[in-house]
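Below, each value reflects all heavy atoms present in this structure, side chains not excepted, and no hydrogens, waters or symmetry copies. When a ligand or atom number is given, it counts from 1 through the structure's own listing order. In this text the structure is predicted, and so the values were computed from the model without any measurement.
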Amino acid sequence: MKSALLYEGKAKKVHSVVGEEGQLILEYKDDATAFNGEKHKIFKGKGRLNNLISSHIFHYLHEKGVASHFIQALSDTEQLVYQTHIIPIEVVVRNIATGSLTKRLGITEGAVFHEPLVELYYKEDALNDPLMNDDHAKYITGISEGELEFIKEQARNINHHLQVMYQKIGVKLVDFKLEFGRLHDGSIVLSDEISPDTCRLWEEETGRKMDKDVFRNDIEDLVEIYDTIWKRMEANVHV
Ligand code: UDP
(Lines give C-alpha, C1' and ligand atoms only; values in the text may rest on other atoms or scores of the structure.)
Protein backbone atom coordinates (compact mmCIF):
# COMPACT_ATOMS: atom_id res chain seq x y z
CA MET A 1 0.00 0.00 0.00
CA LYS A 2 2.90 2.33 0.91
CA SER A 3 4.86 3.69 -2.01
CA ALA A 4 7.34 6.56 -2.03
CA LEU A 5 8.66 8.40 1.00
CA LEU A 6 7.56 11.97 0.31
CA TYR A 7 8.89 13.74 3.36
CA GLU A 8 10.61 13.02 6.64
CA GLY A 9 9.98 15.36 9.55
CA LYS A 10 11.22 15.39 13.15
CA ALA A 11 8.61 12.95 14.47
CA LYS A 12 6.94 11.44 11.39
CA LYS A 13 7.56 10.15 7.90
CA VAL A 14 5.03 10.82 5.16
CA HIS A 15 4.49 8.23 2.41
CA SER A 16 2.30 8.26 -0.68
CA VAL A 17 -0.29 5.51 -1.15
CA VAL A 18 -0.40 3.21 -4.18
CA GLY A 19 -3.44 4.09 -6.29
CA GLU A 20 -4.82 6.71 -3.88
CA GLU A 21 -3.72 10.19 -4.86
CA GLY A 22 -5.55 12.08 -2.15
CA GLN A 23 -4.33 9.93 0.72
CA LEU A 24 -1.08 9.61 2.67
CA ILE A 25 0.41 7.25 5.23
CA LEU A 26 1.91 8.89 8.30
CA GLU A 27 4.53 6.81 10.05
CA TYR A 28 5.28 7.84 13.61
CA LYS A 29 8.97 7.69 14.50
CA ASP A 30 10.68 7.00 17.82
CA ASP A 31 12.56 10.33 17.68
CA ALA A 32 11.92 13.01 20.27
CA THR A 33 13.12 16.55 19.59
CA ALA A 34 12.84 19.76 21.58
CA PHE A 35 13.98 23.37 21.44
CA ASN A 36 13.59 23.56 17.66
CA GLY A 37 15.53 20.34 17.12
CA GLU A 38 18.50 21.25 19.37
CA LYS A 39 17.76 18.37 21.73
CA HIS A 40 17.24 14.94 20.18
CA LYS A 41 16.88 11.40 21.51
CA ILE A 42 15.37 8.14 20.33
CA PHE A 43 12.85 6.43 22.61
CA LYS A 44 12.03 2.91 21.50
CA GLY A 45 8.25 2.52 21.40
CA LYS A 46 7.40 6.25 21.35
CA GLY A 47 6.21 6.14 17.72
CA ARG A 48 3.76 3.37 18.50
CA LEU A 49 2.37 5.16 21.55
CA ASN A 50 1.93 8.49 19.76
CA ASN A 51 0.24 6.76 16.83
CA LEU A 52 -2.15 4.89 19.13
CA ILE A 53 -2.92 7.97 21.23
CA SER A 54 -3.31 10.30 18.25
CA SER A 55 -5.51 7.79 16.38
CA HIS A 56 -7.67 7.35 19.47
CA ILE A 57 -8.07 11.13 19.83
CA PHE A 58 -8.91 11.74 16.16
CA HIS A 59 -11.46 8.92 16.33
CA TYR A 60 -12.97 10.43 19.49
CA LEU A 61 -13.10 13.91 17.93
CA HIS A 62 -14.71 12.47 14.79
CA GLU A 63 -17.50 11.08 16.99
CA LYS A 64 -17.92 14.60 18.38
CA GLY A 65 -18.33 15.98 14.86
CA VAL A 66 -14.82 17.40 14.36
CA ALA A 67 -13.66 16.91 10.77
CA SER A 68 -10.01 15.91 10.42
CA HIS A 69 -7.56 14.38 7.97
CA PHE A 70 -7.65 11.07 9.89
CA ILE A 71 -9.04 7.99 8.10
CA GLN A 72 -7.80 5.02 10.14
CA ALA A 73 -4.86 3.47 11.96
CA LEU A 74 -3.11 0.94 9.72
CA SER A 75 -0.60 -0.58 12.10
CA ASP A 76 1.08 0.15 15.42
CA THR A 77 3.05 3.03 13.93
CA GLU A 78 1.10 4.05 10.82
CA GLN A 79 -2.10 5.86 10.03
CA LEU A 80 -3.94 6.60 6.81
CA VAL A 81 -4.93 10.24 6.35
CA TYR A 82 -6.34 12.52 3.67
CA GLN A 83 -3.69 14.66 2.05
CA THR A 84 -3.98 18.28 3.13
CA HIS A 85 -1.98 21.39 2.49
CA ILE A 86 -0.94 22.41 5.97
CA ILE A 87 -1.73 26.04 6.78
CA PRO A 88 1.47 27.32 8.44
CA ILE A 89 -0.19 28.36 11.69
CA GLU A 90 0.35 26.56 14.99
CA VAL A 91 -2.78 27.15 17.02
CA VAL A 92 -2.02 26.89 20.74
CA VAL A 93 -4.84 26.67 23.29
CA ARG A 94 -4.02 27.34 26.95
CA ASN A 95 -6.15 26.39 29.95
CA ILE A 96 -3.46 26.85 32.61
CA ALA A 97 -0.55 29.31 32.56
CA THR A 98 2.90 27.81 32.28
CA GLY A 99 6.04 28.06 30.17
CA SER A 100 6.85 31.11 28.10
CA LEU A 101 3.53 32.79 28.88
CA THR A 102 4.42 33.23 32.54
CA LYS A 103 7.81 34.69 31.62
CA ARG A 104 6.64 36.90 28.76
CA LEU A 105 3.52 38.39 30.36
CA GLY A 106 4.23 37.87 34.05
CA ILE A 107 1.15 35.68 34.51
CA THR A 108 1.42 33.48 37.62
CA GLU A 109 2.42 29.88 36.93
CA GLY A 110 -0.63 27.66 37.33
CA ALA A 111 -3.24 30.44 36.84
CA VAL A 112 -6.41 28.92 35.36
CA PHE A 113 -8.00 30.52 32.29
CA HIS A 114 -11.74 29.99 32.53
CA GLU A 115 -11.89 31.43 29.02
CA PRO A 116 -9.12 29.44 27.33
CA LEU A 117 -6.50 31.51 25.51
CA VAL A 118 -6.03 30.86 21.80
CA GLU A 119 -2.70 31.92 20.30
CA LEU A 120 -1.33 31.79 16.77
CA TYR A 121 2.30 31.03 15.93
CA TYR A 122 3.85 31.19 12.48
CA LYS A 123 4.99 27.63 11.66
CA GLU A 124 8.42 28.51 10.34
CA ASP A 125 11.42 26.79 11.95
CA ALA A 126 13.88 29.29 10.43
CA LEU A 127 12.17 32.07 12.42
CA ASN A 128 11.66 29.91 15.53
CA ASP A 129 7.85 29.81 15.15
CA PRO A 130 7.12 33.41 16.26
CA LEU A 131 3.85 34.45 17.91
CA MET A 132 1.62 36.39 15.50
CA ASN A 133 -1.74 38.14 15.57
CA ASP A 134 -4.76 37.61 13.31
CA ASP A 135 -3.66 40.22 10.78
CA HIS A 136 -0.21 38.65 10.47
CA ALA A 137 -1.77 35.20 10.03
CA LYS A 138 -4.11 36.42 7.29
CA TYR A 139 -1.33 38.28 5.47
CA ILE A 140 1.18 35.44 5.66
CA THR A 141 -1.12 32.51 4.89
CA GLY A 142 -3.79 34.14 2.76
CA ILE A 143 -6.64 32.70 4.82
CA SER A 144 -9.80 34.76 5.13
CA GLU A 145 -11.21 36.35 8.27
CA GLY A 146 -14.03 33.79 8.29
CA GLU A 147 -11.60 30.88 7.93
CA LEU A 148 -9.48 32.17 10.79
CA GLU A 149 -12.58 32.51 12.97
CA PHE A 150 -13.52 28.93 12.01
CA ILE A 151 -10.07 27.66 13.02
CA LYS A 152 -10.20 29.44 16.38
CA GLU A 153 -13.74 28.20 17.04
CA GLN A 154 -12.69 24.65 16.17
CA ALA A 155 -9.71 24.98 18.52
CA ARG A 156 -12.01 26.00 21.40
CA ASN A 157 -14.41 23.19 20.58
CA ILE A 158 -11.62 20.60 20.41
CA ASN A 159 -10.28 21.94 23.70
CA HIS A 160 -13.65 21.37 25.35
CA HIS A 161 -13.88 17.76 24.12
CA LEU A 162 -10.28 16.98 25.03
CA GLN A 163 -10.67 18.46 28.51
CA VAL A 164 -13.66 16.18 29.12
CA MET A 165 -11.73 13.18 27.78
CA TYR A 166 -8.62 13.81 29.87
CA GLN A 167 -10.61 14.53 33.01
CA LYS A 168 -11.99 10.98 32.80
CA ILE A 169 -8.47 9.57 33.01
CA GLY A 170 -7.32 11.83 35.85
CA VAL A 171 -5.32 14.25 33.74
CA LYS A 172 -5.51 18.03 33.33
CA LEU A 173 -5.12 19.40 29.82
CA VAL A 174 -2.84 22.39 30.42
CA ASP A 175 -2.20 23.48 26.83
CA PHE A 176 -1.74 22.01 23.37
CA LYS A 177 -0.96 22.79 19.76
CA LEU A 178 -3.12 22.11 16.70
CA GLU A 179 -2.49 22.35 12.99
CA PHE A 180 -5.08 22.67 10.27
CA GLY A 181 -4.84 21.83 6.59
CA ARG A 182 -6.80 22.30 3.39
CA LEU A 183 -8.29 19.32 1.60
CA HIS A 184 -8.45 19.10 -2.19
CA ASP A 185 -11.80 20.95 -2.24
CA GLY A 186 -10.35 23.86 -0.22
CA SER A 187 -12.16 23.01 3.00
CA ILE A 188 -10.18 23.27 6.24
CA VAL A 189 -9.80 20.28 8.57
CA LEU A 190 -7.82 19.43 11.68
CA SER A 191 -4.51 17.79 10.65
CA ASP A 192 -1.12 16.66 11.99
CA GLU A 193 -1.18 14.86 15.37
CA ILE A 194 -2.54 15.28 18.88
CA SER A 195 -0.36 13.37 21.32
CA PRO A 196 1.65 13.91 24.52
CA ASP A 197 4.28 15.41 22.19
CA THR A 198 1.92 18.27 21.37
CA CYS A 199 0.06 18.71 24.67
CA ARG A 200 0.95 19.55 28.25
CA LEU A 201 -0.72 17.02 30.53
CA TRP A 202 -0.57 17.20 34.33
CA GLU A 203 -1.80 14.38 36.52
CA GLU A 204 -4.82 15.65 38.43
CA GLU A 205 -3.89 14.22 41.83
CA THR A 206 -0.13 14.66 41.91
CA GLY A 207 0.65 17.39 39.36
CA ARG A 208 3.10 14.95 37.75
CA LYS A 209 4.00 15.94 34.19
CA MET A 210 2.82 13.37 31.64
CA ASP A 211 3.96 14.86 28.32
CA LYS A 212 7.05 15.85 26.34
CA ASP A 213 8.18 18.14 29.18
CA VAL A 214 9.55 14.95 30.84
CA PHE A 215 12.02 14.82 27.94
CA ARG A 216 12.50 18.59 27.57
CA ASN A 217 13.42 18.88 31.26
CA ASP A 218 14.88 15.38 31.81
CA ILE A 219 12.27 14.50 34.45
CA GLU A 220 11.29 10.85 33.85
CA ASP A 221 11.26 8.13 31.25
CA LEU A 222 9.13 9.37 28.36
CA VAL A 223 7.96 5.94 27.15
CA GLU A 224 6.78 4.89 30.62
CA ILE A 225 4.74 8.09 30.96
CA TYR A 226 3.22 7.92 27.44
CA ASP A 227 2.41 4.26 28.07
CA THR A 228 0.53 5.23 31.24
CA ILE A 229 -1.53 7.76 29.27
CA TRP A 230 -2.28 5.18 26.56
CA LYS A 231 -3.23 2.43 29.07
CA ARG A 232 -5.65 4.80 30.81
CA MET A 233 -7.22 5.81 27.47
CA GLU A 234 -7.50 2.21 26.35
CA ALA A 235 -9.12 1.18 29.63
CA ASN A 236 -11.66 3.96 29.23
CA VAL A 237 -13.38 2.74 26.08
CA HIS A 238 -15.98 5.48 26.27
CA VAL A 239 -13.35 8.21 26.61
N1 UDP B 1 3.69 22.81 21.00
C2 UDP B 1 3.93 21.82 20.06
N3 UDP B 1 4.77 22.08 19.01
C4 UDP B 1 5.39 23.27 18.84
C5 UDP B 1 5.14 24.28 19.79
C6 UDP B 1 4.28 24.02 20.84
O7 UDP B 1 3.37 20.73 20.16
O8 UDP B 1 6.13 23.43 17.87
C9 UDP B 1 2.78 22.53 22.14
C10 UDP B 1 3.56 22.27 23.42
O11 UDP B 1 3.79 20.88 23.61
C12 UDP B 1 2.64 22.83 24.48
C13 UDP B 1 1.91 23.97 23.78
O14 UDP B 1 2.00 23.68 22.39
O15 UDP B 1 1.69 21.85 24.86
C16 UDP B 1 2.52 25.34 24.07
O17 UDP B 1 3.85 25.26 23.70
P18 UDP B 1 4.89 26.48 23.67
O19 UDP B 1 6.12 26.07 22.95
O20 UDP B 1 4.17 27.68 23.24
O21 UDP B 1 5.27 26.47 25.15
P22 UDP B 1 5.56 27.65 26.10
O23 UDP B 1 5.65 28.85 25.25
O24 UDP B 1 4.38 27.63 26.96
O25 UDP B 1 6.81 27.27 26.78
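Between E179 and K177, at least one side-chain nitrogen of the basic residue sits less than 4.0 Å from a carboxylate oxygen of the acidic one, meeting the salt-bridge criterion. Using a 4.0 Å cut-off between a side-chain N of Lys or Arg and a carboxylate O of Asp or Glu, E234 and K231 do not qualify as a salt bridge.
When atom types are taken as modelled, the side chain of S16 and the backbone of A4 share a donor-acceptor pair closer than 3.5 angstrom.
Each of T98, N95, D211, D213 was checked for a side chain to side chain donor-acceptor pair (under 3.5 Å) with R200, and the lone residue meeting it is D213.
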Pairs under 3.5 angstrom, nitrogen or oxygen on both sides, ligand 1 versus protein: list them out, please.
from: ligand 1; atom 1: 8 (O); to: E90; atom 2: OE1; distance (Å): 3.1
from: ligand 1; atom 1: 11 (O); to: R216; atom 2: NH2; distance (Å): 3.1
from: ligand 1; atom 1: 15 (O); to: D175; atom 2: O; distance (Å): 3.4
from: ligand 1; atom 1: 15 (O); to: D175; atom 2: OD1; distance (Å): 2.6
from: ligand 1; atom 1: 15 (O); to: R200; atom 2: N; distance (Å): 3.2
from: ligand 1; atom 1: 20 (O); to: R94; atom 2: NH2; distance (Å): 3.0
from: ligand 1; atom 1: 21 (O); to: R200; atom 2: NH2; distance (Å): 3.4
from: ligand 1; atom 1: 23 (O); to: R94; atom 2: NH2; distance (Å): 3.4
from: ligand 1; atom 1: 23 (O); to: S100; atom 2: OG; distance (Å): 2.2
from: ligand 1; atom 1: 24 (O); to: R94; atom 2: NH1; distance (Å): 2.9
from: ligand 1; atom 1: 24 (O); to: R94; atom 2: NH2; distance (Å): 3.4
from: ligand 1; atom 1: 24 (O); to: S100; atom 2: N; distance (Å): 3.4
from: ligand 1; atom 1: 24 (O); to: R200; atom 2: NH1; distance (Å): 3.0
from: ligand 1; atom 1: 25 (O); to: S100; atom 2: N; distance (Å): 3.1
from: ligand 1; atom 1: 25 (O); to: R200; atom 2: NH2; distance (Å): 3.1

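For K12, the side chain to side chain donor-acceptor pair (under 3.5 Å) test picks out D192, E193, with sequence neighbours left out.
Geometrically, K41 does not engage F215 in a cation-pi contact, judged by NZ or CZ lying under 6.0 Å from the ring centre and within 45° of the ring axis.
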